[in-house]
Amino acid sequence: MTNKIHSGEPYSSERTAEIVDELRTEGFVHLGPVLEPGEVAALRLALERKLTDQTILTDDAGDHIRGVSLMRMFEYDRSFRDLVVREPFPSLAEAVLGDDCHLLAQNALAYDSGQGGGWHVDDLVHFPATAGCHPDGLKVPCLVMQIFTPLTDMDEISGCTQVVPGSHNSGCRPPTDDEEPVFRGRGPVSIEACAGDAYLFHNQIWHRGSKNCSKQTRLVTGATYSRRFIAQRFYPFIDYRMPDHVWEGADERLQRLLGRHDKGAYG
């Protein structure tokens, strides 16, 4: 397997602070261009290879969720594994989630022509509001952060990630019957991005992948990081064993992000 993922450079402390503040307020940040063409090509080639691997996609026990989201990409190709520590991603994760954060999951998404998703919040609502939504001004802590890196250009035709700014502070799920949900007077924003761009968002924000109206498959990957006390989601969970090849050449930081922690609370 070839690996063309570079080490990259972290953002300055000033830029990192701006991103953390914008994430806290808006719930998402479009970082702009990050990956170089060779990195995009390596990731896309590996993803396209996995998409045609019928041993992975045959049934619900395979390495996918509903055939759209492919799981545990760090196992499949070294380029995906090294994307986890490709700056500025790990530095941003540590700034938001703490120095002992780890990789919650690493999925890749493939939306064929006509496919798209509905408005949702990933997983549970972490801080549910007792009535209606949280009061204005309350900022919900970020426990899980998604970083996406498109491998194909994303626009209104091919579809893209859409978010409702500020909705991560709502304390509730988006209305399922509303095509254009609004939170405190603000409706959906489309994150149009080029291949190699990156954007991140708070996993409690209302979001969806809009419908792909083009004839090309939309490909997106990245990494999902979480605070240490949030359990990693590596199916089949308690029976999961990370393959030996994933550890080959992994430095101390990557090993920790993959889940090799020091002793802490409860053990």
Side-chain angles (χ1 to χ4, degrees), residues 1-8 33-87 89-90 103-117 146-155 157-161 193-199 209 211-212 214-225 232-237 239-250 254-255 257-259:
M1 298 180 188
T2 60
N3 174 38
K4 295 184 179 179
I5 301 302
H6 303 160
S7 58
V34 174
L35 300 184
E36 297 184 11
E39 296 176 291
V40 173
L43 292 163
R44 180 169 177 169
L45 182 63
L47 175 51
E48 289 174 338
R49 186 171 68 247
K50 188 170 186 179
L51 283 170
T52 60
D53 190 338
Q54 294 305 308
T55 63
I56 289 171
L57 300 174
T58 50
D59 54 43
D60 286 340
D63 191 11
H64 68 96
I65 304 171
R66 297 182 299 280
V68 173
S69 179
L70 304 183
M71 303 183 297
R72 302 192 311 275
M73 296 301 296
F74 58 84
E75 287 183 357
Y76 194 73
D77 190 273
R78 181 66 63 86
S79 61
F80 279 93
R81 188 205 71 170
D82 290 351
L83 186 66
V84 174
V85 284
R86 205 286 190 192
E87 291 289 7
F89 305 144
L103 184 74
L104 178 81
Q106 189 184 35
N107 293 6
L109 303 173
Y111 287 98
D112 288 331
S113 180
Q115 289 185 321
Q146 301 265 82
I147 297 181
F148 277 155
T149 52
L151 303 181
T152 55
D153 293 348
M154 303 193 316
D155 54 30
I157 303 300
S158 62
C160 60
T161 300
C194 297
D197 279 9
Y199 55 95
K211 184 177 179 180
N212 181 359
S214 75
K215 297 185 182 300
Q216 305 300 317
T217 301
R218 182 169 85 245
L219 302 176
V220 187
T221 189
T224 303
Y225 303 90
Q232 293 176 292
R233 304 296 178 87
F234 300 154
Y235 178 85
F237 313 123
D239 296 315
Y240 177 72
R241 183 183 185 280
M242 192 167 288
D244 290 340
H245 73 262
V246 176
W247 300 109
E248 294 175 4
L254 178 54
Q255 290 188 43
L257 286 165
L258 291 171

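Computed from a predicted structure; not experimentally measured.
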Using atom types as modelled and distance alone, determine if a side-chain donor or acceptor of [X] lies under 3.5 Å from a backbone N or O of [Y].
X: D197; Y: C194; result: yes
X: Q255; Y: A250; result: yes
X: R81; Y: V246; result: yes
X: Q232; Y: L103; result: yes
X: Q106; Y: G222; result: yes

For side chain to side chain contact (heavy atoms under 4.5 Å, CB included), just list the numbers for I147 and Y199, CA-CA rounded to whole Å, side-chain angles, deciding distance to a tenth of an Å, and then say yes or no. CA-CA 6 Å; I147 297 181; Y199 55 95; over 6 Å; no

Per the salt bridge (charged side-chain N to carboxylate O under 4.0 Å, His left out) rule, which among R72, K4, R49 passes with D77? R49

Might you work through the salt bridge (charged side-chain N to carboxylate O under 4.0 Å, His left out) test for R218 and D153, ending with a clear yes or no? CA-CA 8 Å; R218 182 169 85 245; D153 293 348; over 6 Å; no

To the closest 0.5 Å, what do you measure between [atom1] ([X]) and [atom2] ([Y])?
X: L70; Y: L47; atom1: CG; atom2: CG; value: 6.0 Å
X: T221; Y: M73; atom1: OG1; atom2: CE; value: 5.5 Å
X: F80; Y: I5; atom1: CZ; atom2: CD1; value: 8.0 Å

Tell me, yes or no, whether the heavy-atom count around Q216 atom CD, taken from other residues, nucleotides or ligands under 6.0 Å, exceeds 12. no

Sub-4.5 Å side-chain heavy-atom contact between [X] and [Y]:
X: L254; Y: W247; value: no
X: T161; Y: V220; value: no
X: L219; Y: R44; value: yes

Would you say T217 and Y111 are linked by a side-chain donor-acceptor pair, where the criterion is simply a distance under 3.5 Å? no

Smallest separation among heavy atoms of [X] and [Y], with atom names:
X: R86; Y: V34; answer: NH2-O, 3.3 Å
X: S113; Y: S214; answer: OG-O, 2.7 Å
X: A105; Y: R233; answer: CB-O, 4.3 Å
X: H6; Y: E39; answer: N-OE2, 2.8 Å
X: L83; Y: Y225; answer: O-OH, 4.3 Å
X: L257; Y: V85; answer: CD1-CG1, 3.5 Å

Tell me, please, which residues at least two apart from D244 pass salt bridge (charged side-chain N to carboxylate O under 4.0 Å, His left out). R241

Residues that E36 engages under salt bridge (charged side-chain N to carboxylate O under 4.0 Å, His left out), provided they are two or more places apart: none

E248/R78 under side chain to side chain contact (heavy atoms under 4.5 Å, CB included): CA gap, chis, key distance, verdict: CA-CA 10 Å; E248 294 175 4; R78 181 66 63 86; 3.6 Å; yes

Take N212 and S158, measure what side chain to side chain donor-acceptor pair (under 3.5 Å) needs, and give me the verdict at the end. CA-CA 5 Å; N212 181 359; S158 62; 5.5 Å; no

With sequence neighbours excluded, residues passing ring pair (Phe, Tyr, Trp, His ring centres under 6.0 Å) with F74: F234

